[in-house]
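Along the sequence shown, the residues carry numbers beginning at 1. For clarity, every value in this text was computed on a predicted model and none was experimentally measured.
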Amino acid sequence: MEEITEAVQNINISNNNNNNDAHKKNRIQVSNTKKPLFFYVNLAKRYMQQHNEVELSALGMAIATVVTIAEILKNNGFAVEKKIMTSTVDMKDESRGRPIQKAKIEILLEKTDKFDELMAAAAEERGELADGEEQS
């Protein structure tokens, strides 16, 4: 019981109200194995509706997926690049137990002036399709 009390007393809780916290709320960490590509595209659109910008982040082999998502959003007029950051991250290789470095990319996108107009048009199109299905 003394160990638990001591551990609770030693807990360090920090609340940094800096700009990085705002980016955490709209960051999508992309995996190239867990979800389909357009899951992330649609999630990024939703994040841009809420926060006006989205940060796409990936490690290693998932970097190509993040670049593809960013290009889809840009080519369809939904987003523009605000910032691209690359780095390497030290990680532990679980199979060998030794440290390895992985490439990391972070792409910050912000919504275009046409974003809301494009989203409204897409929603209207979906509504029309739903109506058409009911009639047949």
Side-chain angles (χ1 to χ4, degrees):
M1 190 66 167
E2 288 176 24
E3 294 166 5
I4 294 171
T5 306
E6 187 177 318
V8 169
Q9 289 172 346
N10 291 333
I11 289 177
N12 182 15
I13 299 171
S14 63
N15 185 9
N16 298 334
N17 289 331
N18 60 16
N19 200 17
N20 289 342
D21 285 354
H23 288 294
K24 303 287 189 246
K25 291 176 188 166
N26 63 337
R27 175 182 288 168
I28 301 172
Q29 293 179 308
V30 175
S31 164
N32 59 343
T33 57
K34 293 190 176 164
K35 301 274 183 197
L37 182 71
F38 276 89
F39 168 83
Y40 292 113
V41 171
N42 292 323
L43 185 61
K45 288 179 191 175
R46 204 171 316 143
Y47 275 36
M48 284 191 287
Q49 276 180 317
Q50 294 172 346
H51 304 286
N52 294 327
E53 61 183 30
V54 63
E55 184 178 302
L56 302 169
S57 173
L59 295 174
M61 300 297 281
I63 289 174
T65 306
V66 160
V67 171
T68 303
I69 294 163
E71 287 301 311
I72 289 169
L73 291 166
K74 284 170 37 188
N75 292 339
N76 290 314
F78 288 102
V80 290
E81 304 172 345
K82 195 172 177 183
K83 193 175 185 183
I84 299 175
M85 297 159 285
T86 59
S87 59
T88 53
V89 179
D90 291 324
M91 301 185 83
K92 195 167 193 173
D93 186 349
E94 292 178 21
S95 60
R96 297 187 186 101
R98 61 187 173 107
I100 57 170
Q101 286 194 324
K102 280 209 169 193
K104 179 180 182 177
I105 192 166
E106 294 169 291
I107 302 176
L108 186 61
L109 300 173
E110 67 180 347
K111 67 182 189 179
T112 61
D113 296 336
K114 294 181 179 178
F115 179 87
D116 294 323
E117 186 182 315
L118 290 167
M119 290 296 283
E124 188 178 303
E125 197 175 288
R126 282 194 306 272
E128 287 173 10
L129 289 174
D131 293 342
E133 289 170 4
E134 287 172 16
Q135 292 173 357
S136 50

Does anything in residues 80-102 pair up under ring-ring contact (aromatic ring centres under 6.0 Å, His included), and if so which pairs, sequence neighbours excluded?
none
Which residue pairs pass the salt bridge (Lys or Arg N to Asp or Glu O under 4.0 Å) test with at least one member in residues 56-72, sequence neighbours excluded?
Glu71-Lys74
Shortest non-hydrogen pair, Leu56 vs Ala44, comes out as CD2-CB, 4.4 Å
Side chain to side chain contact (heavy atoms under 4.5 Å, CB included) against Val41, all qualifying residues, sequence neighbours excluded:
Phe38, Lys45, Ile69, Ile72, Leu73
With rounding to the nearest 0.5 Å, note down the distance linking CG in Asn76 to OG1 in Thr112.
10.5 Å
For Leu43, enumerate each residue passing the side chain to side chain contact (heavy atoms under 4.5 Å, CB included) test, keeping only those at least two apart in sequence or located in another chain.
Ile28, Phe39, Arg46, Tyr47
Considering residues, nucleotides and ligands other than Met61, do more than 12 of their heavy atoms fall under 6.0 Å from its CE?
no
Scan the side chains in residues 96-111 for donor-acceptor partners under 3.5 Å anywhere in the protein, sequence neighbours excluded, and list what turns up.
| residue | atom | partner | partner atom | Å |
| --- | --- | --- | --- | --- |
| Arg96 | NH1 | Asp93 | OD2 | 3.0 |
| Gln101 | NE2 | Asp90 | OD1 | 3.2 |
| Glu106 | OE2 | Arg27 | NH2 | 3.2 |
| Lys111 | NZ | Asn52 | OD1 | 3.2 |
| Lys111 | NZ | Asp116 | OD1 | 3.4 |

What one should report as the nearest heavy-atom pair of Phe78 and Phe115 is O-CD1, 3.3 Å
Taking a hydrophobic cluster as the set of Ile, Leu, Val, Met, Phe, Trp and Tyr residues connected by side-chain heavy atoms closer than 4.5 Å, whether directly or through intermediates, do Ile84 and Met48 fall within one such cluster?
yes
Smallest heavy-atom separation, Tyr40 atom then Gln29 atom, equals CE2-O, 4.2 Å
Determine which pairs satisfy ring-ring contact (aromatic ring centres under 6.0 Å, His included) with at least one residue from residues 79-101, sequence neighbours left out, and list them in order.
none
What are the two closest non-hydrogen atoms of Ala58 and Val66, and how far apart are they?
CB-CG2, 3.2 Å
Taking side chain as C-beta onward, heavy atoms only, is His51 less than 4.5 Å from Val54?
no
Over 12 non-hydrogen atoms of neighbours within 6.0 angstrom of CD in Gln49:
yes
